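Just below is one structure, and these are the notes that go with it.
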Amino acid sequence: MAKAIAETISQQGSLMAEAGTGTGKTFAYLVPALLWGGKVIVSTGTKNLQDQLFLRDIPTVRKALNAPVSVALLKGRANYVCHFHLERTLQNGRLTAREDVGYLREISRFAKTTSTGDKAELARVPETALVWNLVTSTRDTCMGAECQYYQDCFVMKARREAQQADVVVVNHHLFFADVALKDTGIAELLPSANTIVFDEAHQLPETASLFFGETVSTAQVLELCRDVLAEGLAHARDGAAWPQVVAPVERAARDLRLAFSQDIVRLAVSQIAPSSPFFPALDKLMAELDGMIVVLQAQAERAETIEQCRVRAHELAIKLTAWKNAGEAAAGRSEADLEAVLWVEAFASSLQLHKTPLSIAPVFARQREGTPRAWIFTSATLAVKNDFHHYASQMGLSDAPSRTWPSPFDYGRQALLYVPQGLPQPNAPGYTDAVVDMALPLIEAAGGRAFLLCTTIRAVNRAAERLRAEFEERKLPFPLLVQGEAGRTELLDRFRSAGNAVLIGSQSFWEGVDVRGDALSLVIIDKLPFAPPDDPVLAARIEALERKGLNGFVHHQLPEAVITLKQGAGRLIRDETDRGVLVICDPRLISKPYGRRIWQSLPPFKRTRDIADVEAFFSESACLGDSN
């Protein structure tokens with residue numbers, strides 16, 4: 001694999017490289033990248049993986065090769081303490097929770113001693129603590145060169161180091177935010193880069209869709225209103241009746257959310273009835289926002305922060321207008337005739353208006369047309385039965401060669417794939433209860449040490465409720481860890497240290513999770529991970545494919561589900577001594593014609609439908625453990 005990557009780098013070509021778990025793909029791309037020289041950008045899926053590359057993998061390879069390369073870590077601006085916003089928060093104390101007072105004290109001390117300002121270094125303050133929003137900047141709230149702390153700015157320092165480094169470690173969100181917004185400093189790095197490596201490259205289509213589209217939300221409007229009120233009262237108290245300036249805008253933003261009565265909504269604009277209160281509510285918000293902009297224009301010269309609020313309000317108004325105009329232009333036309341799908345997503349207290357491209361292939365192909373350089377796309381899951389066509393068509397890589405390196409693990413000896421008999425169809429009422437009933441004897445046989453991976457949050461909550469009751473009633477000593485009850489990193493640390501825990505999670509635990517050894521011996525997947533059929537972007541993409549005479553299910557939904565399932569299955573066997581059972585509960589794996597294509601894309605597990613084989617496997621594992 002390293003040889004193929006070295007050839008690609010030397011020829012400034014592109015390569016799609018699927019490497020199974022345990023192949024050492026990180027070293028396979030780092031060795032040629034560090035040896036070849038020139039500037040290298042490595043982009044990975046998450047900030048955790050960024051830290052792992054920067055703190056562990058690259059230093060290991062650099063030392064082994066004795067390569068004199070400099071390395072920098074670059075994250076999005078929300079990861080760095082902002083001196084300006086920290087000072088402002090310390091002064092005005094706009095804190096909503098008691099623990100935030102203690103956290104703010106910790107952050108203030110940290111800012112004085114850290115050389116990076118990276119919040120990942122301050123473990124005592126949880127990454128999810130709300131106070132971080134008050135002491136970091138966004139693209140909208142950064143003062144830029146006007147800021148009094150500009151020379152000491154941690155974001156600018158990180159960017160300067162990235163400019164000078166031979167190897168820069170970023171993440172996909174940062175990479176594409178920059179390509180779309182020119183806001184993260186990568187635009188300045190790209191011209192000099194000889195090699196771009198995307199690790200966890202299977203995530204790129206979704207991440208790129210997010211950034212090549214546009215989103216505007218009522219949460220942004222409400223955040224702007226809070227800042228307008230604070231800055232107006234601080235710098236131009238006599239200039240306007242600030243509470244009366246922001247109140248109508250806030251009310252209009254909330255009314256827009258209330259145009260939909262349901263808790264969760266995902267609708268294409270074409271699915272919203274013309275008589276819906278949504279359209280007049282959107283007009284009302286735009287009119288009230290325009291009214292606030294007039295006041296901000298009159299007061300902008302009083303303070304730099306008021307001018308900044310005016311710029312943000314103006315940009316929001318432009319985005320709302322563009323979305324509304326695009327929606328009116330799309331009316332009466334098929335989604336398949338458009339390059340983007342316009343849709344609305346409502347959460348408990350906010351509403352988002354999205355414009356998502358139907359395909360990122362043309363945009364991404366343009367990115368690759370610039371300066372000649374090598375592009376490496378690698379992941380454990382890019383292909384469906386060694387076929388890269390789906391991924392290549394999504395990314396505009398039809399001209400790029402592809403290679404597969406299978407895992408060195410002995411799946412036939414180390415692992416078992418069990419598909420239970422007698423479960424109802426996944427859309428049946430009570431399906432999650434049936435999964436839990438089936439899973440209980442397996443969890444007992446495994447001694448806990450299990451992941452239950454669900455396709456929906458609703459299933460996570462129901463399974464947690466059931467297992468909690470069953471563990472208590474049966475006096476089972478397995479700690480139960482549930483997504484949402486603590487941060488992902490904390491849950492995984494507790495899972496590893498417990499040694500007999502059961503963790504229930506949805507999407508975020510299907511990938512990027514590495515639990516080696518005995519702590520994880522059983523992975524149960526509740527359903528085949530098909531995207532929800534009511535997803536407006538999916539519906540538009542399927543319609544576009546069917547216009548071309550292709551089958552939307554075969555050419556889009558099925559390969560997407562296979563790639564996601566391979567990720568989930570990949571949690572089980574992480575090194576050559578691991579042993580475990582993968583349970584896929586969904587009867588469609590056996591009953592549907594496409595089922596064979598799915599399980600043939602998985603590693604070559606030994607397969608069974610008999611629970612006695614599972615119990616025997618765990619008995620054998622216990623014996624092996626005792627003999628060690």
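Position 1 is the first residue of the sequence, and the numbers go up from there. A quick note: this is a predicted structure, and the numbers were derived from the prediction, not measured.
Ion pairing between Arg310 and Glu315 fails under the 4.0 Å rule for side-chain N and carboxylate O. Between Arg226 and Glu223, none of the side-chain N atoms (NZ, or NE/NH1/NH2) sits under 4.0 Å from a carboxylate O, so this pair counts as no salt bridge. With respect to Arg366 and Glu369, no salt bridge is recorded, no charged nitrogen being found less than 4.0 Å from a carboxylate O. The residues Arg312 and Asp227 are annotated as salt-bridged, a charged nitrogen and a carboxylate oxygen being separated by less than 4.0 angstrom. In summary, Arg494 and Glu490 engage in a salt bridge, as defined by a charged side-chain N under 4.0 Å from a carboxylate O.
Here CG of Leu204 is found 9.0 Å from CG of Leu397. Values are rounded to the nearest 0.5 Å. In this structure, OH on Tyr103 lies 11.5 Å from CZ on Arg124, to the nearest 0.5 angstrom. With rounding to the nearest 0.5 Å, the separation of CG in Leu122 from OG1 in Thr114 is 9.0 Å. Interatomic distance, Ser108 OG to Leu86 CG, rounded to the nearest 0.5 Å: 5.0 Å. Between the CD atom in Gln297 and the CD atom in Glu307 there is a gap of 9.0 Å [rounded to 0.5 Å]. To the nearest 0.5 Å, the span separating CZ on Phe451 from CG on Leu520 amounts to 5.0 Å.
In summary, of the residues considered (Thr136, Asp100, Val101), a side-chain contact (heavy atoms from CB on, under 4.5 Å) with Val131 occurs for Asp100 alone.
Side chain of Lys566 to main chain of Ala383: a donor-acceptor pair is present (N/O by atom type, distance under 3.5 Å, no hydrogens or angles). In this structure a side-chain-to-backbone donor-acceptor pair under 3.5 Å is missing from Thr564 to Pro529. Between the side chain of Arg403 and the backbone N or O of Ala17, no donor-acceptor pair lies under 3.5 Å. Between the Lys39 side chain and the Thr195 main chain, no donor and acceptor come within less than 3.5 Å of each other.
Taking the side chain to side chain contact (heavy atoms under 4.5 Å, CB included) definition, one finds that Pro408 meets it with Thr23, sequence neighbours left out. For Glu121, the salt bridge (Lys or Arg N to Asp or Glu O under 4.0 Å) criterion is met by no residue, not counting sequence neighbours. A search for side chain to side chain contact (heavy atoms under 4.5 Å, CB included) contacts involving Ser508 returns Gln483, Arg488, not counting sequence neighbours. Partners of Leu289 under the side chain to side chain contact (heavy atoms under 4.5 Å, CB included) rule, at least two apart in sequence or in another chain, are Leu224, Val249, Met292, Ile293, Ala313, Leu316, Ala317, Leu320. The ring-ring contact (aromatic ring centres under 6.0 Å, His included) check on His202 picks up nothing, with sequence neighbours excluded. Residues satisfying the side chain to side chain contact (heavy atoms under 4.5 Å, CB included) criterion with Ala78, sequence neighbours excluded, are absent altogether. Applying the ring-ring contact (aromatic ring centres under 6.0 Å, His included) test to Tyr80 and every residue at least two apart in sequence or in another chain returns nothing. Residues passing the ring-ring contact (aromatic ring centres under 6.0 Å, His included) test with Trp375 are Phe364, sequence neighbours excluded. A search for ring-ring contact (aromatic ring centres under 6.0 Å, His included) contacts involving Phe388 returns nothing, not counting sequence neighbours.
Gln299 and Arg302 form a side-chain donor-acceptor contact under 3.5 Å, judged by distance and modelled atom types alone. Side-chain atoms of Gln394 and Glu560 form a donor-acceptor pair, as typed in the model, at a separation below 3.5 Å. Looking at Gln203 and Glu511, their side chains do bring a donor and an acceptor atom within 3.5 Å of each other. Looking only at atom types and distance, the side chain of Gln567 has a donor-acceptor partner in the side chain of Thr381 under 3.5 Å away. Side-chain polar atoms of Arg541 and Ser209 form a donor-acceptor pair below 3.5 angstrom. A side-chain N or O of Ser70 and one of Asp166 form a donor-acceptor pair less than 3.5 Å apart. Judged purely by distance below 3.5 Å, without hydrogens or angles, the side chains of Thr577 and Asp575 pair a donor atom with an acceptor atom.
Shortest non-hydrogen contact noted between Arg368 and Ser14 is NH2-OG, 3.1 Å. The minimum heavy-atom distance linking Asp399 with Gly396 is given by the pair OD1-O, 4.3 Å. Among all heavy-atom pairs drawn from Ala380 and Lys25, the shortest one is N-CE, 4.0 Å. Contact record, Trp36 with Ala6: CZ3-O, 4.5 Å, taken as the closest heavy-atom pair.
Listed by first then second residue, pairs satisfying salt bridge (charged side-chain N to carboxylate O under 4.0 Å, His left out) with a partner in residues 44-62 read Lys47-Glu127, Asp51-Lys75, not counting sequence neighbours. Screening residues 128-153 for ring-ring contact (aromatic ring centres under 6.0 Å, His included), with sequence neighbours left out, gives His83-Tyr149.
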Requested in this report: Mind running side-chain hydrogen bond (donor to acceptor under 3.5 Å, both in side chains) on His85 and Ser137 for me, showing each step along the way?
Outcome: CA-CA 7 Å; His85 287 286; Ser137 72; 5.5 Å; no
Requested in this report: Please test Val513 against Leu492 for side-chain contact (heavy atoms from CB on, under 4.5 Å), starting from the C-alpha separation and ending with a verdict.
Outcome: CA-CA 8 Å; Val513 171; Leu492 287 169; 3.5 Å; yes
Requested in this report: For Leu572 and Asp578, run side-chain contact (heavy atoms from CB on, under 4.5 Å): C-alpha distance rounded to whole Å, both residues' side-chain angles, the deciding distance at 0.1 Å, then the answer.
Outcome: CA-CA 8 Å; Leu572 184 63; Asp578 278 0; over 6 Å; no
Report task. Determine, step by step, whether Phe211 and Phe175 satisfy the ring-ring contact (aromatic ring centres under 6.0 Å, His included) criterion, reporting the C-alpha distance in whole Å, the side-chain angles of both residues, the deciding distance to 0.1 Å, and the verdict. Result -> CA-CA 10 Å; Phe211 286 105; Phe175 188 93; over 10 Å; no
Requested in this report: Begin from the C-alpha positions of Leu30 and Ile58 and carry the test side-chain contact (heavy atoms from CB on, under 4.5 Å) through to its verdict.
Outcome: CA-CA 7 Å; Leu30 283 178; Ile58 294 176; 3.8 Å; yes
Report task. Show your working on side-chain contact (heavy atoms from CB on, under 4.5 Å) between Val197 and Ile41 and close with a plain yes or no. Result -> CA-CA 6 Å; Val197 179; Ile41 296 176; over 6 Å; no
Under 3.5 Å, side-chain donor or acceptor atoms of residues 352-360 against the rest of the protein: list the pairs with distances, not counting sequence neighbours.
| from | atom 1 | to | atom 2 | distance (Å) |
| --- | --- | --- | --- | --- |
| Gln352 | OE1 | His354 | NE2 | 3.2 |
| His354 | ND1 | Thr215 | OG1 | 2.9 |
| His354 | NE2 | Glu345 | OE1 | 2.9 |
| Thr356 | OG1 | Trp343 | NE1 | 2.9 |
| Ser359 | OG | Ala361 | N | 3.1 |

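Contact of the Ile9 side chain with the Asn194 side chain is not registered, since no non-hydrogen atoms from C-beta on lie closer than 4.5 Å. Within the 4.5 Å cutoff, side-chain heavy atoms of Ile5 are placed close to those of Leu15.
Within 6.0 Å of atom CD in Gln12, more than 12 heavy atoms from other residues, nucleotides or ligands are found, so the atom counts as buried in its surroundings. When the shell of 6.0 Å around NE2 of His389 is examined, it contains 12 or fewer heavy atoms from other residues, nucleotides or ligands.
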